[in-house]
Amino acid sequence: MSLVYDCDHRHDRPAAEVTALVGGKAANLAIMAGDLGLPVPPAFTVTTEACREYLATGWPPSLDMELRERMARMEELAGHSFGDPADPLLVSVRSGAPVSMPGMMDTILNLGLNDATTAGLAAASGSPRFAANCRERFETMFRETVGVAEIPADPWQQLRAAIEAVFRSWNGDRARAYRQREGIPDDLGTAVTVQAMVYGNRSVDSATGVLFTRNPATGEPVLYGDILFNAQGEDVVAGTHPTEPISVLGERMPAVARELRAAADRLERHHADLCDIEFTIEHGRLWLLQCRIGKRSPRAALRIARDMAETPDFPLTRAEAVARVAHLLADPPRIAIDPVGVTPIATGLPASPGRAGGDLVVTPEGAIAAAEAGRAVILARAETSPDDVHGMAVAAGILTSTGGLASHAAVVARGWAIPAVVGAREVRVDGDGIEVAGRRFDLGAAITVDGDTGEVFAGLIDGAYVVVPEAPVLRAWADELGIPVGGQPASPSPVAGAREDEAHDAARDGSLESPPAPGEAVLELLTDDVLTMLLVKGYTTAEGAAVALATGVDRATAAIDALVADGLAEPAAGAFRLTAEGRERARAAVARTAAAWGPAAAAAALDAFLALDQRMKATVTHWQVREDGDEQVLNDHTDPEYDAGVLAELSSLHADAIEWLGPVAEGLPRLRTYVDRLERAFAAARAGDGRYVASPRVDSYHGCWFELHEDLILHAGRTRADEVAAGRA
């Protein structure tokens, strides 16, 4: 049996077996090239069987010969020769498992370049700059993905090293974690697709792009995507270059645009679904590089399902359409009704969806007092911190003047489904209200925040949302066809839910098993830690304190009760916080431990943490919101592949964070509790409980991380406000 197949090879076997043999990416290439006759650059695929043999016994003896045979056919089709110093054929190398596997090897472009072939490419293209650009991209990608400092000059050695790197990635930590979570067998292996390069960066009549066959945010039946002229593929997806809308192609290359529209229609009808297509244009010639089923927002999913089923000649039945979106119909998405004749007073970032109005407050205490009086409130802050959490929990909406989509306010608001606008820079918050462009809004003034648009309005905006019009139609079809619909259960109230979930989950993992009541000596030993914990958290329950201190609820309760009796802590909103005297004592405790640690060591630890913190912000943002075309939408966690990709990010970050934190905790032993908490949260998230990524209702990874950051800031003698102002938090 062959270990390598051309991408247009017609396999005499069921589609599922083809995918198992050559991977999903190559199976889609075979459909485009073989079944539909679309323009696909020549390619061949090394099978999953070859991967399994390599992992078991090493490089298969027959593989070199088969690679040369398939490469010879690719050379014939492409009109260039691999390794030819006069006019070289370059290739891309991509992984492709039978089941999509996030965290596997990235693409390598322009493989086959060395000094001689770079000179040949420059001569053949007439552009030394183009050749140098290709060489730079190749070397960067090869070093990063293969993991070597020196790149072999021989193109065949380059090809083998790249294929081996893909094979080895099958047993990487990320791939193993994903398979364990998804129940995927470990013996499938991954395929490797080698494809002739086509160059979107070759000239002004060349381009690269990504398109959806319909708008993935709204479902509108028009081509939707980005194009970048005179560029290569990763320039589009990396977000490092300004792209243009796909409609521009019709203006610059109308014939190519018509060909692309026709290909998109054929692919959409073949798959009977929204398609995500990658393409390249080289000297005015269209090439299709990949096609897969496209991700879409819930709103778009309903419109696409209805439109396709209602199109007479489209191959999707009503029953199939309903089954595809049944999970959205119990609580269908809504769209905002634009307020007529109302102009926003400010605009920020849409951090957490929904529209909410209420009385303006600027402190968590003000939010709690107003909420207890039965009033809806909008909590406005420059930026939020753990001290604000209880006020945030009772707010109808949140507004900040600084921060981005990964800020504390954004993350907590999304975790609690509270509408929020962040980074509204026109807003200045002070102790008596807010000021916007010279207009004053005092405490108690009515304002509205729209977390879908990022707009802030004066007064209360009525008639905020209506159900998308496709939902009733699809629900009627479901009733007619007897198809059940389902949805996510409603969330509990934020405050109660936080306490109950945290206590329940901590008890489940054993961290709240209560030892015998501590004696006075134990309480003295815990006092500084309890004071510091309360300073870091701002507010906490006894259950939350027990988790943070790695002790039992009884012991944590006794310690807090002792602080209350001494006037160092006080009850507040069903939890506990430090009094003014308690905060003074807590800062003295921090000063003692910081002095023992050493000021230079504390500052160095915080500085080293910042790079990890940037990755943490990006990971949590990816978990809570995702890109749909030009829009960011709430991640509804209905796409397991996307979520697995984010968990792979978290896995990599977690490994680096624990490696860094272990030695740091040698200097400040109380930080060891964060190691345990991060490990528990990561294990829970990896096991499938998504709350443990960022939900404020449990001791989540992000919650623990935020407290660790606060702890480091305090011990370095800085404040979070200073860190935010300096762009470090």
Side-chain angles (χ1 to χ4, degrees), residues 3-9 22-23 25-26 29-30 32-33 39-47 50 63-96 104-118 120-122 124-125 130-131 133-146 148 151-167 190-202 206 208 232-234 278-280 282 285 287-290:
L3 296 178
V4 188
Y5 290 95
D6 292 321
C7 78
D8 58 355
H9 180 84
V22 300
K25 192 169 297 180
L29 285 178
M32 290 194 291
V40 174
F44 60 79
T45 300
V46 186
T47 65
L63 187 52
D64 286 310
M65 181 63 69
E66 289 196 56
L67 287 173
R68 290 183 180 271
E69 289 175 353
R70 294 304 99 209
M71 187 68 80
R73 181 170 186 266
M74 184 188 292
E75 291 171 335
E76 180 182 350
L77 294 171
H80 310 284
S81 296
F82 189 57
D84 180 5
D87 188 11
L89 168 67
L90 305 183
V91 299
S92 63
V93 178
R94 294 177 169 90
S95 64
M104 301 290 275
M105 177 182 163
D106 294 329
T107 296
I108 295 179
L109 301 180
N110 308 322
L111 187 141
L113 284 173
N114 53 30
D115 290 344
T117 55
T118 301
L121 182 63
S125 66
F130 160 71
N133 180 266
C134 290
R135 177 76 174 272
E136 181 182 357
R137 292 170 186 268
F138 162 64
E139 291 186 345
T140 299
M141 292 173 134
F142 191 93
R143 288 192 178 99
E144 289 179 352
T145 57
V146 179
V148 295
I151 301 173
D154 183 351
W156 287 100
Q157 291 182 21
Q158 295 173 6
L159 181 61
R160 174 165 172 166
I163 292 171
E164 287 186 291
V166 177
F167 285 164
T190 183
V192 184
T193 294
V194 180
Q195 190 166 42
M197 282 298 304
V198 288
Y199 304 100
N201 61 331
R202 191 151 192 169
S206 300
T208 185
Q232 282 197 315
E234 79 276 11
E278 297 178 16
F279 66 92
T280 286
E282 183 181 21
R285 184 176 180 181
W287 296 98
L288 302 181
L289 306 181
Q290 183 166 300

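- Separation of atoms OG1 (Thr280) and CH2 (Trp287) is listed at 10.5 Å; rounding is to 0.5 Å.
- Judged by distance alone, the side chain of Asn114 and the main-chain N or O of Ala116 form a donor-acceptor pair under 3.5 Å.
- When side chains are defined from C-beta on, Phe130 counts as touching Leu121, because their heavy atoms get closer than 4.5 Å.
- Side-chain contact between Met74 and Val91 is present, with at least one heavy-atom pair separated by less than 4.5 Å.
- Atoms CD and CG, on Gln158 and Leu113 in that order, are 7.5 Å from each other to the nearest 0.5 Å.
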Mind running side-chain contact (heavy atoms from CB on, under 4.5 Å) on Phe44 and Leu67 for me, showing each step along the way? CA-CA 9 Å; Phe44 60 79; Leu67 287 173; 3.7 Å; yes
Salt bridge (charged side-chain N to carboxylate O under 4.0 Å, His left out), that's the test. Do Glu164 and Arg160 meet it? Break it down for me. CA-CA 6 Å; Glu164 287 186 291; Arg160 174 165 172 166; 3.7 Å; yes
Would you check, one step at a time, whether the test side-chain contact (heavy atoms from CB on, under 4.5 Å) holds for Leu29 with Gln195? CA-CA 10 Å; Leu29 285 178; Gln195 190 166 42; 4.0 Å; yes
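- The two residues Ala78 and Leu89 have their closest heavy-atom pair at CB-CD1, 4.0 Å.
- Between Asn110 and Met197 the shortest side-chain heavy-atom distance falls below 4.5 Å.
- Using a 4.0 Å cut-off between charged nitrogen and carboxylate oxygen, Arg135 and Glu139 count as a salt-bridge pair.
- For the atom pair CG (Leu289) and NZ (Lys25), the distance works out to 10.5 Å, reported to the nearest 0.5 Å.
- Shortest non-hydrogen contact noted between Ala86 and Ala124 is O-CB, 4.1 Å.
- Here the closest heavy-atom approach between residue Ala191 and residue Gly23 is recorded as CB-N, 4.1 Å.
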Test side-chain contact (heavy atoms from CB on, under 4.5 Å) on Thr208 and Tyr199; report intermediate values, then the result. CA-CA 8 Å; Thr208 185; Tyr199 304 100; over 6 Å; no
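- Here the straight-line distance linking atom CD of Gln290 with atom CG of Leu288 works out to 11.0 Å at 0.5 Å rounding.
- A salt bridge is absent between Glu69 and Arg73: the closest approach of a Lys/Arg side-chain nitrogen to an acidic carboxylate oxygen does not fall below 4.0 angstrom.
- Side-chain contact of Asp115 with Thr118: a donor-acceptor pair under 3.5 Å is absent, judged by distance alone.
- For the 3.5 Å distance criterion, the side chains of Thr45 and Thr193 qualify, holding a donor opposite an acceptor.
- Between the Glu66 side chain and the Leu3 main chain, a donor and an acceptor come within less than 3.5 Å of each other.
- The SG atom of Cys134 sits 12.5 Å away from atom CG of Leu111, with the distance rounded to the nearest 0.5 Å.
- Thr47 approaches Phe167 most closely through the heavy-atom pair O-CE2, 4.5 Å.
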Show your working on side-chain contact (heavy atoms from CB on, under 4.5 Å) between His80 and Leu90 and close with a plain yes or no. CA-CA 9 Å; His80 310 284; Leu90 305 183; over 6 Å; no
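- Between atom CZ of residue Arg68 and atom CD of residue Glu75 there is a gap of 9.5 Å, rounded to the nearest 0.5 Å.
- Nearest approach of Phe142 to Ile151, heavy atoms of both residues: CD2-CG1, 3.7 Å.
- Residues Gly112 and Thr117 come closest through the heavy atom pair O-OG1, 3.0 Å.
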